[in-house]
There are 2 protein chains.
Amino acid sequence: MTAGTTQLHKDRTAMRVTISDVADALNLTKSTVSRAMNGYPDIAEATQLRVKRMAQEMNYQPLSHAQAIKTGRTRSLGLVLQLSDHDAHRPFLAEFLAGLSEGASIEGYTLTVASADSDQHVIESFRALLRDGKADGFILPRAMVDDPRVKLLRDADVPFVLFGRQQNPEGCSWFDIRGEDAMRDAVHHLAALDHQRIGFINGGTRYAYAGLRLQGYLDGMASDGLSVASELIVEDALTMADGACAAKKLLDAKPPPTAIICATDQVALGVYRAATERGQAIGRNLSVVGYDGIQEGAQAQPALTTFSVDNRVAGVRLATLLIRRIRGEPSENLRETAAAVFLDRGSTGPPMGE
Amino acid sequence: MTAGTTQLHKDRTAMRVTISDVADALNLTKSTVSRAMNGYPDIAEATQLRVKRMAQEMNYQPLSHAQAIKTGRTRSLGLVLQLSDHDAHRPFLAEFLAGLSEGASIEGYTLTVASADSDQHVIESFRALLRDGKADGFILPRAMVDDPRVKLLRDADVPFVLFGRQQNPEGCSWFDIRGEDAMRDAVHHLAALDHQRIGFINGGTRYAYAGLRLQGYLDGMASDGLSVASELIVEDALTMADGACAAKKLLDAKPPPTAIICATDQVALGVYRAATERGQAIGRNLSVVGYDGIQEGAQAQPALTTFSVDNRVAGVRLATLLIRRIRGEPSENLRETAAAVFLDRGSTGPPMGE
DNA sequence: TCGCTTGCCGAAACCGGTTTCGGAACGCAA
DNA sequence: TTGCGTTCCGAAACCGGTTTCGGCAAGCGA
């Protein structure tokens, strides 16, 4: 009785099954069980099987912090959020976290989250988490162009994975969405509608994605035989307000663009605002394409045509990549990209001759 | 040389200062150092001081997972996010996390985050985190009316704190914003503008806050001598769409309300949409008051009058309360509430006689 | 002066694992 | 048979802490 097979034991450690329990049950020593569990070659295959089966049966799982004391690794992934970041990524955070913790838990890892409000504090967080063995490696959200986190962790030989790519790939692993492909596709989409003057509002230049997306836009324009006008390109727009401001500038060009591609949905919504203020009808007088797939875009009038990014999947992939990295796979084997999904909604249409 | 005082050690454990190092430096045994650090009474006060000073000087900090193996506690706070939750709380998440990890790190704790997509999985996450010593206690965001998490953790005698209050307070600690006061103040604000027919759209009834806010609304109406019309109250609106739907229902009442108080900003923005579709001008034909202080409210036209909640502070408070709870303080000493801050913006005005 | 408490600390066991080392048992060739 | 190399596992040390236990020395009263 009392056994409470799956209860949240009141009496703490009372009923944890330890490695010794398993060893006793098999008439082996704990050293043998340990080596069997960890796949050491000097254990007979039959024994290894017996041990693993029994462990399964007894529901034994080694205590991560007990192994950590010897191995130094505690089966947890570190994530340091940088808050001074404008709010752009906040809507993604929940899904991203869900993905990370899902990917982590599949392999028996957990996720440790810290936050910091400056580059300096991010570094300090890394150090503290490592020092205390609270993280075996790190996920770096929002890869930056000259990322100080990368420099640090690479030099220190600490495993990490980036959400986003890196110019100098040495020692870097990553998962990323091919934003450049999306921008190129956006151009094609608009060109197919007969747009000629297509503007581009890019995101924060400190982020690695900006360079890629700009290139995608340029490639698209070139491959469609469209000429690129420098006055139709604005860089470094982060917020909705930035987007509105940039849109005004673009709409003041002469001739103005008939379509604007935005590196982020936030910015695209800013374009909505600016255009609406000028009495331009989105999707008719002005076509807009965004990127990210944030919810506000779906609710805008008309719904924003955009490329949606699955941040949950990104989290899952990043977690599994990091775990493989921690387990010793070389970083160059651990690089993945995926495509964004085009959502053709209401904010594009053929250009209006006026 | 090479010492690399504060480097992110490449060579792993190589240079960690252990309890034995401190003991050697003082010509004491590690048992003495341990007891001194933990304030055992059988250590001379002078010795305790010497030890602590030396520890400070040598930058010694016990390895949490080394102590955990004996004590069972690992100095980390658990947070299990429930994703099936509609997206309402997502914008808050970043600030909330920042607050939590800030409050945690002040006391040398870290934050472990997991996620789940059902009540059942939440429970399993709790269990897994406890089992592996990944959490000494839990923060429970979004207190629910009959919260299964509370039942479980209370019975299991695991420390936890709620963001939100609980009807049956036994064993519960919490931090909460007094939404009922806000709703009451909203009524007063509108009554002072001469509104008589004031509608109320409440949030999800499964959440603990809904009951409180409704009561606040009712109290406010009563204390201002206004009569409450049941057709002007809608419960259980979670999303913007719900808000729009509820608003339509209210506006169909005869006579319709001249003002609507919403338990959340999300819902208030839904009211915006519904009202605008009917050609009602917010702030003129219809006054609206929200609650939460989300960013979209500030950008709406006109800016939404609301009560802003500081989720970062909430996180800090919750973390420190939980740590005190873990350290043994009785739960009834660990209950705090704070006021929301009224943001008088553009969405309210005197009722228009028509 | 003696015995007994009390204050303070060291010795050693312990926590739940990992890892090194050595040796028993076995197979096989000489 | 002996000798030798493998295969496989047990014994024991170890990781960095905590905690129990016991003993020494000082302090105290008789």
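Numbers restart at 1 for each chain; the letters A, B, ... are given by sequence-line order, proteins then strands.
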field: Any A/Thr29 side-chain N or O less than 4.0 Å from OP1/OP2 of D/dG10
entry: yes

Length of the line joining A/Leu26:CG and D/dC8:P, which is rounded to integer Å: 17 Å

message: Base, sugar-phosphate or nothing for A/Asn27? Non-hydrogen atoms, less than 4.0 Å.
response: sugar-phosphate

task: Give a yes/no answer on whether the side chain of A/Ser34 brings an N or O atom under 4.0 Å of OP1 or OP2 in C/dT18.
output: yes

Nearest-nucleotide pick for A/Lys30, side chain only, options being C/dG16, C/dC15, D/dA11: C/dG16

query: Between A/Arg165 and A/Trp174, is NZ or CZ placed under 6.0 angstrom from the six-membered ring centre and within 45° of the ring axis?
result: no

- request: Calculate the interatomic distance between A/Ile19 atom CD1 and C/dT19 atom P; express it in whole Å.
  value: 11 Å

message: Strictly below 4.0 Å: does B/Thr47 bring a side-chain N or O up to OP1 or OP2 of C/dC9?
response: yes

message: For a quick check under 3.5 Å, do B/Ser173 and B/Ser331 share a side-chain donor-acceptor pair by atom type?
response: no

field: Rounded interatomic separation in angstrom, taking NE2 from B/His65 and C1' from C/dT18
entry: 13 Å

task: Decide yes or no, distance alone: a donor-acceptor N/O pair under 3.5 angstrom between the base of D/dG17 and the side-chain of B/Arg35.
output: no

- prompt: If you check the A/Ser31 side chain, which of C/dC9, D/dG16, D/dA11 turns out closest?
  reply: D/dA11

query: Using 4.0 Å as the upper bound for N to carboxylate O, is an ion pair formed by A/Arg50 and A/Glu57?
result: no

query: When the distance from CD1 of B/Ile43 to C1' of D/dT20 is rounded to whole Å, what number comes out?
result: 13 Å

field: B/Ile69 side-chain proximity, nearest of D/dT18, D/dG16, C/dG17
entry: D/dG16

field: Length of the line joining A/Arg73:CZ and C/dG17:P, which is rounded to integer Å
entry: 17 Å

task: Sort out for me which residue in B/Thr112, B/Leu129, B/Ile139 forms a side chain to side chain contact (heavy atoms under 4.5 Å, CB included) with B/Val80.
output: B/Leu129

- prompt: Atom OH of B/Tyr40 and atom P of D/dC21: how far apart are they, to the nearest Å?
  reply: 13 Å

task: Tell me which of A/Leu28 and B/Met37 sits closer to the 5' end of DNA chain D, going by the nucleotide each one is nearest to.
output: A/Leu28

task: Check the pair A/Arg73, A/Gln67 against side-chain hydrogen bond (donor to acceptor under 3.5 Å, both in side chains), reporting the backbone distance first and the verdict last.
output: CA-CA 7 Å; A/Arg73 265 170 294 120; A/Gln67 4 190 54; over 6 Å; no

message: Which is more 5' along DNA chain C, the nucleotide nearest B/Asp42 or the one nearest A/Thr18? Just name the residue.
response: B/Asp42

Per A/Ala66 side chain, nearest of listed nucleotides C/dA11, C/dC14, C/dG17: C/dG17

field: Whole-Å gap separating P (C/dT18) and CD (A/Gln61)
entry: 12 Å

- line: Against the side chain of A/Ala44, the closest entry in D/dC14, D/dC8, C/dG10 is D/dC8

field: Between P of C/dG16 and CD of A/Gln67, the distance in whole Å
entry: 13 Å

